[in-house]
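Here's the structure, in structure tokens; my notes come after.
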Amino acid sequence: MASVPKFVKEIEINVSHKLLKIEKTNSELLEPQQLHCDKILEIYQEAFNKLITGTITFSKLLTEIKDAYECSIQIRDKRISQFIIQDKNLLNTMLSSGKPSTVYILDAGFSGQLSRHVGTSPDGHPLWCSKFLQTNPDDVFKTHLDFLRAGSDIISTNTYQASVDGFVKYLGVTSEEGYGIITRAVDLAKRAREVYNNECQQGNKPVRNIQISGSIGPYGAYLHDGSEYDGSYADKVSVEEMKEWHAPRLRALVTAGVDLIAFETLPCRKEAEVLVEMLKEYPHMKGYLSFSCKDENSLANGEDFKTVIKKCWDMNPTQLIAVGVNCCPPTIVAKLIKGINDDRQSKIPFITYPNSGEKYKPKEGWVEAEKCKPLANFVEEYLDLGRVFGISAKKKQNYDKIKKMLKENEDLRENNLKLTFEISKLKKDMGKLSDDNFSDYLSLMRERDARYTLYFENLALHMKIKELDGSSYQVDEAYGDPVVLRIALDRCREQLSKTQLDLNKKNDEYADTVPRRQYDTLETKYFGLVKAFDSLKQEHGALQENYNRLLASKTSIKEELCETKERCNELERAGTPRPRWELCADFIGGGRDRWRQLASNLSSRDILRVLLKELGPAAEGDNLEHFDGLGIDPIIPPYLRYEGKVRNLRLSRREISVIINDIWLGKKDHIQDISMQDYVTKYFEDRYQQPSVRAEWAYNLCAGVEQMLDEPQVKLFWGVLHGHLSEHIYWGHQNQWQSLKEQLYKHSKDKENISIDEFEKISKSVFPMKSEVDIKNMMDVVRKQLKLKMNSNEINLDKLFQENEEGFDRLEFARELYRQRQMAQDKYIREVVGELGGKHASNKMVTVENVKRAFAIIDPAIDHIRMERYIRWAFSDPTTDVNSISPVPLRVLATRLAAGDIERVGPRYRGTRRITYK
């Protein structure tokens with residue numbers, strides 16, 4: 001057994017001397033026992049610190065310290081139980097002293113008990129305890145159960161400061177959800193009552209008739225400005241406002257099934273009368289009124305307490321079961337109630353649950369706690385007043401002691417646990433040291449045996465050499481002693497046998513073990529293979545990524561090829577064939593040879609100019625300087641109605657574009673109420689007073705537009721002007737342009753620049769129906785318009801969307817968006833027409849139901865409003881009931897759809913097709 005170090009003995013002797021100096025206690029009271037244990041723990045704590053510093057794990061003091069901690073914890077637990085039993089027996093003693101039997105016990109301060117479960121105080125929050133209905137409903141349930149176990153006959157719901165408006169304002173819920181939170185409060189109280197009754201039945205205790213009261217606090221509590229304590233809000237808030245605010249909470253509590261209503265802490269007569277009247281709306285429901293008072297005569301707002309209490313009771317004596325006071329100093333309760341029933345035949349039952357006497361200041365909280373007397377001193381006085389309905393008191397003194405002792409217990413348990421951990425750690429360290437010392441001992445023994453073996457082997461070799469060569473080598477006489485040699489031989493044989501056994505044992509134990517050198521070689525090879533595998537894995541990942549990129553490029557190229565084919569087909573259908581200029585040779589002097597010489601390698605426009613020049617005076621006469629007026633016939637558009645010659649202003653393309661853009665800008669304010677023809681007429685009339693000048697600009701605009709029909713934007717204006725196209729095509733294009741512009745600026749870094757990747761990402765989100773090919777074409781146009789370099793990654797939005805007086809649709813990017821929009825529309829319409837029968841059924845009569853079905857199949861995401869707009873445009877009938885519209889031929893329907901603003905809403909759902917690569 002290991003000896004005890006000297007300094008440990010000194011610590012043990014020192015502890016023994018100090019313990020002898022402590023006066024022992026023979027008291028059976030727990031408090032002196034606790035003090036005695038605390039003094040002992042102080043001595044042991046000092047000794048424990050010294051032992052830990054010296055890494056001692058085998059002293060008997062450690063066991064004594066642990067036993068002292070456990071003894072102290074047991075005494076503290078007994079004291080806590082003693083305090084709880086005293087609190088439970090206090091009120092039972094009062095009720096058994098001959099006082100009136102008509103007393104019901106209410107629950108105590110809800111916030112204080114709830115805070116012990118939640119771990120935080122609700123003071124200062126606009127919803128007070130009511131916020132925990134949303135965040136900590138289980139803790140609310142536990143608080144109700146605490147009061148029932150403590151003997152409460154009536155428990156109040158946690159709705160004193162709850163309101164639908166408050167929940168909406170401070171919790172961010174809807175009105176319906178706020179209403180549900182109030183009903184949840186009733187459900188929690190019911191659940192606590194049910195659990196408590198089950199506990200009574202299982203414990204063979206009498207089941208009490210527990211009542212649940214729905215707590216309704218004053219309107220001033222909702223304001224969260226302290227006015228609930230002085231009633232100052234009564235002069236500012238009307239009766240209707242109070243009713244409107246209280247109604248949802250009262251209805252929720254009654255509907256949820258409370259047993260009675262508790263109108264609590266009312267500071268003024270006005271609100272009390274409102275609540276008494278509202279209670280009449282629920283004739284089956286009972287309730288009680290409880291006021292807050294500032295002294296022994298007056299309510300919180302200064303009104304006479306006795307006058308108000310009598311009036312409120314007389315207003316509804318059939319539903320009110322009691323009136324009284326709460327949330328006031330206990331010293332004024334008896335003076336307030338005394339004398340109220342002296343001149344009454346029907347006595348008024350009283351209810352009271354005052355606070356501890358502390359005063360509440362909105363900025364400081366509860367103050368003057370040191371001036372308060374224990375509430376138990378006043379209960380007997382309350383019972384002497386006659387009919388008492390409820391009494392509740394806050395027993396704070398014992399709670400503070402219990403709280404303090406619980407904290408001390410936790411500290412002791414923590415120290416005890418720490419002690420256990422330190423001992424375990426030290427024992428582990430000692431065991432490790434012992435193992436190290438034993439290993440050193442074994443190594444020394446092996447070294448000794450090895451030295452013996454080498455010595456005797458050396459001796460044997462020397463003897464063998466002497467026998468072989470017969471030399472006169474002097475050897476120690478002991479070496480030639482047969483006895484010594486015999487002993488050496490036996491020793492060698494013994495060592496050999498032992499070594500052989502050890503060798504066989506090692507061979508058996510390590511038969512499956514790889515030698516160290518071979519292990520190192522295999523490990524090196526393994527790491528090399530792992531490194532090669534990682535390299536191959538990275539290479540495979542790069543190849544896989546490259547393959548996916550090539551596959552995506554292939555898919556994109558396929559889509560682009562399809563788009564290009566469709567565009568070529570569209571251009572082939574819509575394109576104008578090149579004039580047969582060779583026919584002009586018959587009208588030119590010099591014949592075909594001279595015409596071939598004049599028209600060689602020229603464009604159609606240049607050939608036309610050459611032709612006009614060759615025709616001479618016939619081409620340079622009045623026909624180029626003036627236009628002939630079309631007259632004033634009603635069939636002529638209003639803006640072209642003019643008789644006589646009209647001067648040719650020879651407007652440039654830019655001037656034509658500026659006029660068209662100006663017309664669109666003005667038409668934006670008259671989209672629905674005026675047609676484009678009428679607006680163009682009004683446009684020129686507003687700007688030019690003389691008819692001749694108006695005619696000049698109108699005729700020159702039309703002549704210029706006819707020369708520019710190769711431009712899609714001009715062609716769109718011309719079609720809208722003649723009623724062939726819907727002007728909603730232009731507005732839809734403009735809306736797309738503005739939507740993309742707003743989103744790009746919104747996500748830009750400095751409201752000016754944006755990266756290309758972010759631009760592409762936002763474009764896909766704004767245009768979810770566009771294909772990868774369309775997005776790629778958009779990006780190419782952006783690069784071309786801004787002249788970006790290949791390595792450039794920033795797009796300047798100000799330059800991209802910079803418009804001049806010709807309009808936004810003159811920009812290359814806007815033209816590309818319009819081109820893609822029209823191609824998508826054409827494809828959409830072809831699918832719809834194909835669903836209706838295709839081009840081979842052009843004479844087929846199509847009904848509204850046929851069109852509805854086709855749109856629903858091709859575009860499942862389309863809504864009824866958009867579908868009806870498309871149908872009315874296709875059938876050219878904006879007023880007739882949709883189901884009464886007459887059928888039209890398919891070719892007419894297709895032409896009308898192509899001229900309208902028809903856009904796909906969502907994708908067409910199709911089954912997947914398996915692609916096999918060969």
Side-chain angles (χ1 to χ4, degrees), residues 576 605 608 612 615 617-731 805-807 809 872-873 875-880 888 892 895-896 898-901:
T576 303
R605 182 171 295 179
L608 178 61
L612 293 175
L615 291 176
E620 297 177 355
D622 292 341
N623 290 335
L624 296 180
E625 297 296 331
H626 296 87
F627 299 107
D628 292 328
L630 299 179
I632 57 175
D633 194 283
I635 64 173
I636 297 173
Y639 53 90
L640 295 178
R641 292 174 187 172
Y642 184 78
E643 292 182 334
K645 295 289 186 179
V646 179
R647 184 163 58 98
N648 187 356
L649 300 178
R650 301 183 186 277
L651 299 178
S652 65
R653 282 178 169 256
R654 182 179 181 282
E655 290 173 325
I656 297 296
S657 299
V658 171
I659 295 174
I660 292 175
N661 183 54
D662 197 34
I663 291 175
W664 280 121
L665 292 176
K667 185 64 171 66
K668 189 174 184 179
D669 298 330
H670 305 280
I671 295 177
Q672 301 294 339
D673 54 356
I674 187 172
S675 66
M676 181 59 85
Q677 283 193 1
D678 294 338
Y679 179 75
V680 171
T681 304
K682 180 178 181 298
Y683 175 83
F684 288 120
E685 288 177 351
D686 292 342
R687 283 160 177 74
Y688 309 108
Q689 301 298 323
Q690 297 183 7
S692 60
V693 178
R694 288 200 299 268
E696 287 180 359
W697 284 99
Y699 275 80
N700 278 275
L701 174 64
C702 293
V705 169
E706 288 179 342
Q707 297 294 326
M708 296 172 61
L709 290 178
D710 56 328
E711 298 188 12
Q713 288 72 22
V714 178
K715 185 177 181 182
L716 172 62
F717 171 77
W718 190 247
V720 173
L721 183 62
H722 288 78
H724 300 151
L725 299 175
S726 171
E727 67 176 275
H728 290 287
I729 298 176
Y730 177 83
W731 303 122
E805 51 189 5
E806 295 184 55
D809 52 355
R872 290 191 180 279
W873 171 264
F875 286 88
S876 302
D877 194 338
T879 57
T880 309
V888 298
V892 176
T895 303
R896 285 291 294 172
D901 180 29

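Counting begins at 1 with the first residue of the sequence. Keep in mind that what you see is a predicted model, and the values were worked out from it rather than measured.
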Quick one: salt bridge (charged side-chain N to carboxylate O under 4.0 Å, His left out) pairs with a partner in residues 690-704, sequence neighbours left out?
-> Arg647-Glu696
For Asp901, which residues count as a side chain to side chain donor-acceptor pair (under 3.5 Å) partner, sequence neighbours excluded?
-> Arg821
Looking only at heavy atoms, the pair that brings Gly631 and Glu643 closest together is CA-CG, 3.8 Å
Any side-chain donor paired with an acceptor under 3.5 Å for Tyr683 and Asp662?
-> yes
Do the side chains of Trp731 and Trp664 get nearer than 4.5 Å, heavy atoms only?
-> yes
Is the closest side-chain heavy-atom distance between Phe627 and Asn700 below 4.5 Å?
-> yes
Main-chain N/O of Asn648 paired to Tyr699 side chain as donor or acceptor, under 3.5 Å = no
Taken in chain and number order and not counting sequence neighbours, the residues that satisfy salt bridge (charged side-chain N to carboxylate O under 4.0 Å, His left out) with Asp669 are none
Heavy atoms of other groups near Glu706 CD, more than 12 under 6.0 Å = yes
Does a side-chain heavy-atom distance below 4.5 Å link Val646 with Asp628?
-> no
Taking only residues two or more places apart in sequence or in another chain, which ones pass side-chain contact (heavy atoms from CB on, under 4.5 Å) with Asp686?
-> Lys682
Ser876: side chain to side chain donor-acceptor pair (under 3.5 Å) partners, not counting sequence neighbours | Arg896
By side chain to side chain donor-acceptor pair (under 3.5 Å), which residues pair with Gln713, not counting sequence neighbours?
-> none
So do Ile660 and Val705 actually touch side chain to side chain, heavy atoms under 4.5 Å?
-> yes
